[in-house]
Amino acid sequence: MKKKLRQLLIGCIAFIVFIWVGVPTPVTAGPIQLNYANFPAAPTFPCVQMERWKNEVEKRTNGKVVINTFPGGTLLDAKNMFDGVIAGQADIGCLCMAYQPGRFVVTNATSLPLGIPDAGVGSRVLWDLYNKYKPEAFAKVKVLTMFTTAPSNIMSSKPVRNIDDIKGLDLRASGGAAQILKAWGANQVGMPMSATPEALQKGVVQGLFSSIEVMKDYKFAELCRFVTMTNTVIYPFAVVMNLESWNSLPEDVQKVFDGMSTEQAEWTGNYMDNHVKESMDWSKKEYNVEFIYLTAEQKMRWDNMLKPITDKWIQDAQKKDLPAEAIVQDIMALVKKYFK
Ligand code: 3IO
C-alpha cells in the first residue's frame, strides 16, 4: 500500500513536471502593433509620407513591427493630434504645427517670411532647428521626424493680380501663413486644411493660401481656377510618438526609427517639391488653371509689407525668454547652407 502511494506521488510529480516543461510557453503575441494617426485625406502628402514610413519600418524591422495607419482624422483630427498622442489615443501622430502657433513657438519660426525656397530645404532647416533647440513643447513626446510644405501661394476662385485684388478677399490659412494674409489685407479665415474642402464648397472662403500640390490632391483646381505665385512661407509638420509606446520598444526597433528621421524629412521634402510640379501641370491640363506671376515691382511691394512680421515675432518670443534673434539667424544660415 505504502509503495503504491509513493508511486502515485512520484507519478503526480512527474506529471506536473511534464506539463510544466512540456507545454510550450505561450507564444509571444505576434508583431508589435502601432497605431499612426493623421488628420488629412489619404491622397495628401502627410499621408503619403506616412505610408512610406510604414513600409520602410516594416521592411527594416523584418516584420517585427506592424504600423496601422489612420488617415482622414479617423483616429485623431487636426486639433487634438498632439494631445491625443500624449494621452495615448494613438501611438504615433502627424501634426501641422501652424495650427497651434503659440504652442510651438520655436519650430513655427520656420514659417516667418525668411526665404525658404522649397520643401527640400525647408524640411532640412526645420529638422536641424528642432535638434539644435530641442524645444520644451516636445518634452512629453518622442519626435520621429519633421518636414515642411513647399512655400505657399494663393489659390482662388477670383484672380489676384495685384495687391488691391487681395484686399478683403476671404482666404483660408493658419499660423504663419495667416499672419501674411493679414499683412496683405486679405480677410484671413483660420481652419485646418482638412476643413477647407467643405469651406470652399460652401463659399465660406474664396480660396486658400498653402502649398499648391493640394490643387490636385484635394481637387481644389475645380473651384480655384487662379493661382497667384507668391512663394512665401511654408507650413511646418511634426511626427510624434507617445512616450510610453516609445519606451516599450526594443532597442533595435528604436534604432530603426531614429535611423530614419533625417531620411524621412528629406524624402518628404523632395516628394512635396516634385508633387507641386505635377499638380501645376495637372491643374493646367484638367482645369485650365491660370498661374499668375507678380511683376518685379509688385513682388517688392508685397514683400515689403511682410517686414514687420519677423520683428513682431522676435519681440513676442523674447517675452517668452526664447533666444529669438539667434533662432531667426539660425534659420537664415541653415537656408543658405542647404539652398544650392
Ligand atoms: C497641408 C495639410 C494637409 C494636407 C495637405 C497639405 N498641403 C499643405 C498643407 C499645409 C497645411 O497644413 C495647411 O493647413 O495649409
Side-chain angles (χ1 to χ4, degrees), residues 36-52 69-82 93-101 103-104 107-108 110-111 116 118-120 122-123 126 146-156 170-182 186 188-200 204-221 224 227-240 265 268-280 282-283:
Y36 188 152
N38 219 327
F39 66 94
T44 61
F45 92 96
C47 294
V48 173
Q49 73 77 34
M50 169 171 76
E51 294 302 326
R52 187 266 172 184
T69 57
F70 296 84
T74 46
L75 186 55
L76 289 169
D77 66 19
K79 291 278 161 110
N80 54 29
M81 188 59 71
F82 197 70
C94 173
L95 69 139
C96 179
M97 294 183 276
Y99 300 166
Q100 289 174 293
R103 188 170 193 173
F104 306 107
T107 44
N108 271 322
T110 54
S111 61
I116 289 175
D118 56 42
S123 299
L126 172 62
M146 288 192 183
F147 45 80
T148 74
T149 64
S152 298
N153 295 303
I154 301 165
M155 298 161 254
S156 53
D170 300 317
L171 296 175
R172 171 271 149 196
S174 281
Q179 296 307 312
I180 284 170
L181 281 187
K182 278 188 203 161
Q188 176 266 325
V189 183
M191 69 183 79
M193 180 61 89
S194 37
T196 306
E198 196 183 323
L200 270 173
V204 173
V205 293
Q206 274 110 55
L208 70 152
F209 186 53
S210 187
S211 56
I212 58 178
E213 91 293 346
V214 289
M215 289 288 279
K216 183 176 188 214
D217 296 344
Y218 272 117
K219 302 227 168 10
F220 288 156
C224 300
V227 177
T228 304
M229 301 299 283
T230 62
N231 279 324
T232 325
V233 293
I234 56 83
Y235 283 78
F237 282 70
V239 179
V240 297
T268 306
N270 294 337
Y271 168 81
M272 164 62 83
D273 288 329
N274 289 327
H275 203 55
V276 162
K277 289 180 199 138
E278 205 180 309
S279 170
M280 285 176 83
W282 180 89
S283 304

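Order of listing sets the numbers, starting from 1, for every ligand and every atom in it.
- Of all atoms in ligand 1, numbered sequentially from 1 with element shown, those under 4.0 Å from a heavy atom of T149 are 8 (C), 9 (C), 10 (C).
- N38 contributes atom CG, which lies 11.0 Å from atom SG of C96 (distance to the nearest 0.5 angstrom).
- In this structure, Q49 contributes its side chain and P46 its backbone to a donor-acceptor pair below 3.5 Å.
- Those atoms of ligand 1 that come under 4.0 Å of a heavy atom in V214, given as number and element, are 5 (C), 6 (C), 7 (N).
- The two residues I212 and V276 come nearest to each other via the heavy atoms CG1-CG1, 3.8 Å.
- At distances below 3.5 Å, at least one donor-acceptor pair connects side-chain atoms of S174 with backbone N or O atoms of M191.
- Between E213 and ligand 1, at least one pair of N/O atoms sits closer than 3.5 Å.
- Near T44, the atoms of ligand 1 lying under 4.0 angstrom from a non-hydrogen atom of the residue are 4 (C), 5 (C).
- Using a non-hydrogen distance threshold of 4.0 Å, A98 does not register as a contact of ligand 1.
- Panel note: side chain D118, backbone D273; no donor-acceptor pair is recorded below 3.5 Å.
- In C96, the part holding a heavy atom less than 4.0 Å from any atom of ligand 1 is the side chain.
- Residue S210 places at least one N or O, backbone or side chain, under 3.5 Å from an N or O of ligand 1.
- At a heavy-atom cutoff of 4.0 Å, ligand 1 is contacted by no atom of A177, backbone or side chain.
- Counting atoms of ligand 1 from 1 in the listed order, those under 4.0 Å from a heavy atom of M193 are 1 (C), 2 (C), 3 (C), 4 (C), 6 (C), 7 (N), 8 (C), 9 (C), 13 (C), 14 (O), 15 (O).
- Here the side chain of Y235 pairs no donor or acceptor atom with the backbone of Y99 at under 3.5 angstrom.
- Ligand 1 has no nitrogen or oxygen under 3.5 angstrom from a nitrogen or oxygen of Y218.
- A donor-acceptor contact shorter than 3.5 Å links the side chain of S123 to the backbone of T148.
- Ligand 1 lies within reach of F237, whose nearest heavy atom is under 4.0 Å from it.
- Here is the list of ligand 1 atoms found below 4.0 Å of a heavy atom in Y235: 10 (C), 11 (C), 12 (O), 13 (C), 14 (O), 15 (O).
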Quiz item: ring-ring contact (aromatic ring centres under 6.0 Å, His included) between F147 and Y271: does it pass, once the steps are laid out?
Solution: CA-CA 11 Å; F147 45 80; Y271 168 81; over 10 Å; no

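- Of all atoms in ligand 1, numbered sequentially from 1 with element shown, those under 4.0 Å from a heavy atom of S211 are 7 (N), 8 (C).
- Short contacts between ligand 1 and P40, defined as distances under 4.0 Å to a heavy atom of the residue, involve ligand atoms 3 (C), 4 (C).
- Using a distance-only test at 3.5 Å, with no hydrogens or angles considered, a donor-acceptor pair links the side chain of T230 to the main chain of S152.
- Considering both main-chain and side-chain atoms, Y99 comes within under 3.5 Å of ligand 1 through a nitrogen or oxygen pair.
- No side-chain donor-acceptor contact under 3.5 Å links D77 to the backbone of G73.
- Using a distance-only test at 3.5 Å, with no hydrogens or angles considered, no donor-acceptor pair links the side chain of T149 to the main chain of I234.
- Atoms of ligand 1 found under 4.0 Å from any heavy atom of P46 (numbered from 1 in listed order, with element): 3 (C), 4 (C), 5 (C).
- In R172, the part holding a heavy atom less than 4.0 Å from any atom of ligand 1 is the side chain.
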